[in-house]
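Here the structure is laid out as structure tokens; the discussion comes afterwards.
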Amino acid sequence: SLQKALKDAVEVPLNICKLSKDASLLCKHLTEIGNQNLVSDIGVAVSLLYSAFESALLNIQIPGNHISRPKLTMAQSIAYRLILPCFGCG
């Protein structure tokens, strides 16, 4: 059904959010143990990870126009809860 396809379409972006979170934690760890001359490179990586998160969130919101609002809100909530603290937000 269309609803199932839309719900399935949200799973991939949520996975991208989770992977972005995992990678951002690695970046945090690298700033603690890595070469301090490479901190700007780690900053670029975090910026790209955050962009990936925002892009994935758009892919959650767009199908959300056709999915019932409680499910969209839950998907957004999961995504924000997973990654925003890793970037010092939320």
Side-chain angles (χ1 to χ4, degrees):
S1 80
L2 179 60
Q3 284 296 308
K4 182 178 179 337
L6 290 169
K7 289 179 205 169
D8 290 345
V10 170
E11 287 183 37
V12 171
L14 278 175
N15 192 37
I16 290 170
C17 289
K18 291 174 189 175
L19 292 171
S20 297
K21 173 204 169 223
D22 294 344
S24 68
L25 292 174
L26 290 174
C27 289
K28 182 179 184 300
H29 184 63
L30 282 174
T31 62
E32 297 164 357
I33 66 164
N35 183 334
Q36 292 304 304
N37 295 324
L38 300 176
V39 170
S40 62
D41 294 328
I42 296 168
V44 170
V46 170
S47 178
L48 292 170
L49 288 165
Y50 188 70
S51 294
F53 166 76
E54 288 185 317
S55 298
L57 191 59
L58 282 174
N59 285 308
I60 293 169
Q61 291 171 331
I62 292 168
N65 293 333
H66 304 286
I67 300 174
S68 66
R69 280 289 163 200
K71 290 184 173 114
L72 173 63
T73 303
M74 182 182 72
Q76 287 177 307
S77 174
I78 290 167
Y80 278 116
R81 194 175 53 231
L82 281 171
I83 199 166
L84 287 181
C86 297
F87 292 107
C89 307

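Counting from 1, the numbers follow the sequence of the chain as shown.
- To the nearest 0.5 Å, atom CG of residue Asn59 and atom CD of residue Glu11 are 14.0 Å apart.
- Between the NZ atom of Lys28 and the CG atom of Leu30 there is a distance of 11.5 Å, given to the nearest 0.5 Å.
- A single hydrophobic cluster is seen to contain both Leu14 and Leu57, as judged by linkage of ILVMFWY side chains at heavy-atom distances under 4.5 Å, directly or through other members.
- Here the closest non-hydrogen pair linking Val46 and Cys27 is CG2-CB, 3.7 Å.
- Residues Ser20 and Phe53 come closest through the heavy atom pair OG-N, 4.1 Å.
- Rounding to the nearest 0.5 angstrom, the gap separating the CG atom in Leu49 from the CD1 atom in Ile42 is 11.5 Å.
- A pairwise comparison of heavy atoms in Ala52 and Ile16 identifies O-CG2, 4.0 Å as the closest pair.
- Here the closest heavy-atom approach between residue Ala56 and residue Pro13 is recorded as O-CB, 3.2 Å.
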